[in-house]
Every structure is written in structure tokens, then in C-alpha cells.
2 protein chains.
Amino acid sequence: MKNPRPQHGKRGPRPRQLVTLRDIAREAGVSASTVSRIINGTVKVSDELTASVEAAIAKHDFRPDAAARGLALGRTFTIGVLSQAIDSPFYAEGLRGVERRLLAAGYAALFMSGNWNVADEERCMRKFIDHGVDGIIMFSGCLDNAAVKDFGKRCPIVMTGRHLPVAHTYSLPIKDRLGATLAMRHLIGLGHRRIAFIAGSETHPDALERLAGYLEALQEARIPFDPRLVVRGDWREEGGLIATTQLLEAGRAFTAVFCVNDQTAHGAYLALFRHGLKVPDDVSVVGFDDLPSSSYSLPPLTSVRQSVRVLGERAAEAVLALVAGRRPKVESPPVELVVRDSTRRL
Amino acid sequence: MKNPRPQHGKRGPRPRQLVTLRDIAREAGVSASTVSRIINGTVKVSDELTASVEAAIAKHDFRPDAAARGLALGRTFTIGVLSQAIDSPFYAEGLRGVERRLLAAGYAALFMSGNWNVADEERCMRKFIDHGVDGIIMFSGCLDNAAVKDFGKRCPIVMTGRHLPVAHTYSLPIKDRLGATLAMRHLIGLGHRRIAFIAGSETHPDALERLAGYLEALQEARIPFDPRLVVRGDWREEGGLIATTQLLEAGRAFTAVFCVNDQTAHGAYLALFRHGLKVPDDVSVVGFDDLPSSSYSLPPLTSVRQSVRVLGERAAEAVLALVAGRRPKVESPPVELVVRDSTRRL
DNA sequence: GTGAGATCTGCAACCGGTTTCACAAGACTG
DNA sequence: CAGTCTTGTGAAACCGGTTGCAGATCTCAC
């Protein structure tokens, strides 16, 4: 005699499957294989049987068990998405894009945050593998290439930012340098010569490239580089606040600030505000990323826009292609400068 | 003769499991059950065998297949988390809290966005079920009670905001009304009498409760309610901008604005700015939620704080308890008013 | 009427773990 | 030294889907 299925709360963790494919098969008077075929539409089944099976499915609101299907099929229809912090407005935009695209394809996303440190990133990646994701999207992580390559052996990976020539891996570059020069040319075109730069972390590739763009634009305009106008931030408001305060208190003369990203610019705003300086009357400010909130800052911020949301969508597109065994054919979204009210002609 | 395992890109979607538990067993000269027991520590196994099995595991970097384990165990160690939008700074904070707590417990989170509409929410919930999540966290959804109850039959649910008396369901109320009265009392205490309110959507329970708090505080102070001072927003910057502009252009006299949330307040800021009004000199503004960015708005925003991150952590705590068959013992985080520079005495 | 071909369906073997149960060996008791 | 109790291990049966293969039925042509 078969013992009854374990009930909910007691010991059995889940009530297992309430109703299984074989239950449906029995009820409809067919075999399990037929039910499976009808659900997946893999082979033509007579209308008669289809109808009776569908009736049984509807009656019990049957949904095939994900784990069982995953086991049989060898895929879980889940993609791991690694960002640095889910509550960073920058990454959030990207995740949004990823989510949309994946959902449309019937995939779900497992989001995890690397917190800007290697150990956490590694842990996340490991967890992705353990959860059996079909693919991984990495938003410009700090994991070294060898490690990524290693994970790449277990499942396809799409990276934004970095380029990595590994099989079953795809890279979606971010046009950091170009974006930075756009911002700088804008300021220079308005007559600014003393332009400060609030940088990101010293190791992050995106940060380095943006700095490179800053330098390139200066050189292009034959403006001598003054290292005292470059201060390190931390990608966040706080860093921008501290760095700008530092510049101001050190008495550095500057008429404009280019910030490595919008959050930094918001911090800079506050520092300027506290020192009684007005944007753009006293100092012009340009950001990078064009966060949604930036069009609501006071004054609305001029910023470099490379839609992170679109980047996310494309990354999702690419990872789906990899999973399906196709070669992805997607490009990074275009970069442009969005001019608002935080910059003015000298 | 056994045919070789399918290779990566070609036909088989995934390379299946590179190395299985039975492979390890064979290599270590033991049975599969022993390996399983060693991995999970369910039963004591002799040190000798343990050592040789662990060696084999390490050698091949073996990781048990999630789908297979999920099938056998009846759980997937995955929790579905429904918010309205992953890129909303409000929800992002909550998701962050959820993520932390779940990760610590070895669970992963499947995040999905309901986009403030019932159809999407329902679709998300269905997807959660299809993916076999062990539990669900809903951040104040708009799904009706009956539907939630229905999903509750399939897996445990924790809701924030709403209260729902259903088995295997737990609610974590948000102290909307109390928070709103705190904000209002602050303004009234500063001498304001003409206080506008920018509301949220008309149906959302949180929005209604905050409105109720607004009314309650007015009544408490014996200030007559002027319906023309209440305008509907949409929880976002844009709604705040439009609503405030409307108030200003209709020539309504007011000395303070209480906004249903911080994003709305940021929109209000911009509207006031565009009309040449200064905060707090001309108009005082109070928000709700105390988003991280609010301490960087100009001027820094006075706001009601009920840590959404902590709320997320507690929700995660609760859902883990439910999954384990325990009764959750968690409470909503406290509410307090954070006074910054956007309000002044009349 | 029979054979070839096409179409539909069921059996049974898988996917890769976990767990019940039985059994063997060692530890204790009397 | 027989008998009971513990303890460690393996064989085999699950979990709930998918799918290769073979057999059944039906069509059509000669």
C-alpha cells in the first residue's frame, strides 16, 4: 500500500506536485507521453485526444513541475544576472532591460549583487552555477579574466564592458571613452578651460576609460592637464560630495566639473550648494549615464547617455542566442550627450 | 555501446552534467548513496570513505545538479519576489534587503516586476509557480485577495502592506497612516495651515492610507480640509511635477506640500524651481520613504522613514520561516520622521 | 488483397539526485 | 558464546517530466 503524500506544513517541505502529468494521463485515458507531447506541441496528436487531455489539464489547473522538466531537458529557463548592487539606480536600469527581454522569451532572471568586490562576485557566480542557470549576464564585474573563463566552461556568459575572447562568451562594450570626450568637448566648446574630473574607483575599467576620454579631450583642445583637478570618487553621491568639497576647500580654481557618473554629479551638486555656488552660473556640471532621476535634479543635469536599459536588453538578447547555440548579433547602444541646464557658456 | 554525451553548442542545449554523483561514486569506489550522504551530511559516514569521496569531488570540482536535487527534494531553494518595478528606487531598496537575507540562507531570488497592473502581476505569479519557487514575497501588489489566496494554495506567500488572513500566508503591514500623520504634524507644528497633498494612485492601499493620515492630521489640528489642495500623482517624479504645476497654475495658495513619496517630492521640487519658488523659503516640502537619493536633493528632503531595506529583510525572514513550516515572528520596521532642510517655520 | 508509407500512440528508459530498506559487521550484554 | 543493539554501507525505488523506439492503425497504389 502506498503511503499518502506528505501534507503541507508538517514535514514534507512542499506538497510535492499536487497533480502530475501521469494523473492527467490517467484521467484522460492516455499515456504520459501523449500528455507531454500535447503540452509541448512536439508531435501532432489527434484532435480528439488533445481535447480530452486539455480538458483534464484545465480541470486540475495542472502545471508541469519545473524541476522535473529541468532535469529531463537539461535546462532551467533561468538566467543569472550579476550586477554590483541591485539598488544602484544605474544597474537597476540595466536589470530592467534584461528582465523585459528575458520575460518575453519565457526566461526568468536570478539577480545577484557583487558589491564591487571579487569575493562576492565569485560567490554569486558559483551560486548561479549551483542553481543550474542556462546562462549568465555580467554587468562589468571585477572578476579577473581567468575566473570568468573558468565559469564560461560551465555555461555561456555575456559581459558588458570588458572584452573577453573566450568560446561561449560574448562581450558588449560600453563606449566610455567616446562618451567622456563628448562631455568634455561640450564643456570646452562652451569656453571652459579649467575642468575638474571626479573619477571612479582606480581599478574599474569603466572608470579608467572615462578618465582616458577626459585626458584625450584635453589634449585634443591643447589644454594642459592639471592633475590637481582630478579627484577620486566612489561612483556614488557620497564620493562626489567629498571629492568636490575637497576641490573647493583646497581652493582649486575651476569653472566646470565632469563627473564619472550621475550619482557622483549629484554629490557634487550638494557640495557646491553648501558652498553657496550655483549651477550653472558659477560652475557647470556634466554627468555620465543619464539616470532617470537626473532630469529631475536642480537644475536638470547635462549627461552622457548610453541607455543602460537598452544595454540590458541587448545583453539578454545575446545570452539567449548563446544558450540557443547561435552566435549573438547585437551591438552596444549608441552614446549621445543630453544637454540640460547644468552647463552654460562662459 | 553508449553513445557519447552531446557536446556544447551543437544540439544538446546544455552539456548536461559534466560529472555526476555516480561518476564520483565510481571513482571513489563507493555507492551513489554514500556520496549523497557525505555531501549533505545526513548520516555519518566513515572518515576513510569521506576522505576519498571528498578528494574525488575536489578533483572534478563536482557540483550536484540543481534540477535533479530539486526534483528529489521537492524544493528549489528559490524565492519569487514580486515588486512593481525593479528600477524604482523604492523597491530596489526592498529587493536589496530581500537579497541579503535570502543569500545568507542559501536561497536565490527570482525578481519580477508587476508594473502596477494586475495582468502583469498575475503573469509574474504564474511564472513563479511554473519555476517552482519555494515561496513568494509580494511588495504590496494590486492583485485582489482571492487571487492571492489562490496562489497561496500552491506556495507560501509573504505580503507587505496588505493584511490577508490565509493559511501559509503572512503579512507585514506598512505604517502608512502613522507615517503620514508624523509628516503632517511636523508641518503643522511649524505653523503651516495650507498644506497641499500630492497623492498616489487612487486604488493603491498604501496611497489611500497615506491620504487617510493626511486627513487625520488635519482634523486633529482642526484645520478645515480643502479638497482643492489634494492632487493625484503617479508615485513618480513626473506625477509630482505635473500635479504641483497644476496647483501652482490654478493659483492655489499653500505654504507646504506633503508628497505621497520621495519621487513625487522630487517632481514637486522641479515644478517649484521652474516657477521661481524656493524650498523651503517659499514652500516647505515633505516626502515619504526617505530614499537614499533624498539626502542629496537640493535642498536635502525632509521625509518619513520606514526602512524599506529592513522591510525586505524581514519579509525574507518571514518567507523562510513559512517555507520551513514555522510561524514567522517578525514585525514591520519602525517609522520616523527625518528632518532635513526642505521644511521651515512659517 | 497485399505491401509500402505515413501517422499516431504507448512502453520503457532515461535525466541526476535522495532515501527507504535490508543486510553485514562490530559492540555489548548476560 | 548466543543474542540483541548499534552503526555504516549499498541496491533499488523513487521524484515528475521527456523521448527513442516499436507497434498499431490507416491510406493509397498496384
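A note on names: the letters A, B, ... follow the listed sequences, proteins ahead of strands, and every chain is numbered from 1. Computed over heavy atoms, backbone and side chain alike; hydrogens, waters and symmetry mates excluded.
Taking a 6.0 Å sphere around CZ of B:Arg162, one finds it holds more than 12 heavy atoms contributed by other residues, nucleotides or ligands.
Across all strands, A:Thr34 comes closer than 4.0 Å only to sugar-phosphate atoms, never to a base (heavy-atom distances).
The two residues A:Arg22 and A:Ala32 come nearest to each other via the heavy atoms CG-CB, 3.9 Å.
Contact between the side-chain N/O atoms of B:Thr20 and the OP1/OP2 oxygens of C:dG16 is not found at any separation under 4.0 Å.
For the pair B:Arg69 CZ and C:dT18 C1', the interatomic distance rounds to 9 Å; values are reported in whole Å. In this structure, CZ of A:Arg26 is placed 13 Å from P of C:dC11, rounded to the nearest angstrom. Distance A:Leu71 CG to C:dA13 P: 17 Å, rounded to the nearest Å. Going from atom CG of A:Leu18 over to atom C1' of D:dG16 covers 13 Å, rounded to whole Å. In this structure, B:Ile24 atom CD1 and C:dT18 atom C1' are separated by 17 Å, rounded to whole Å. Taking atom CG of A:Asp130 as the reference point, atom P of C:dG16 lies 16 Å away to the nearest angstrom. Distance, A:Leu73 CG to D:dG16 P: 17 Å, rounded to whole Å.
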TODO: Take A:Lys127 and A:Asp130 through the salt bridge (charged side-chain N to carboxylate O under 4.0 Å, His left out) test and state the conclusion after the steps.
DONE: CA-CA 5 Å; A:Lys127 255 202 161 314; A:Asp130 285 352; 5.7 Å; no
Task: Candidate pair A:Glu313 and A:Arg101, rule salt bridge (charged side-chain N to carboxylate O under 4.0 Å, His left out), full reasoning - done: CA-CA 6 Å; A:Glu313 287 177 6; A:Arg101 188 64 192 80; over 6 Å; no
- [ ] Assess whether salt bridge (charged side-chain N to carboxylate O under 4.0 Å, His left out) is satisfied between A:Lys329 and A:Glu317, documenting all intermediate values.
- [x] CA-CA 9 Å; A:Lys329 285 194 182 307; A:Glu317 185 75 38; over 6 Å; no
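The side-chain heavy atoms of A:Phe62 and A:Leu21, taken from C-beta on, include a pair separated by under 4.5 Å.
Listed by residue number, the members of residues 37-51 of chain A with any heavy atom below 4.0 angstrom from DNA chain C are A:Arg37, A:Lys44, A:Val45, A:Ser46, A:Leu49.
Nearest nucleotide to the side chain of B:Arg22, out of C:dT18, D:dG17, D:dG10: C:dT18.
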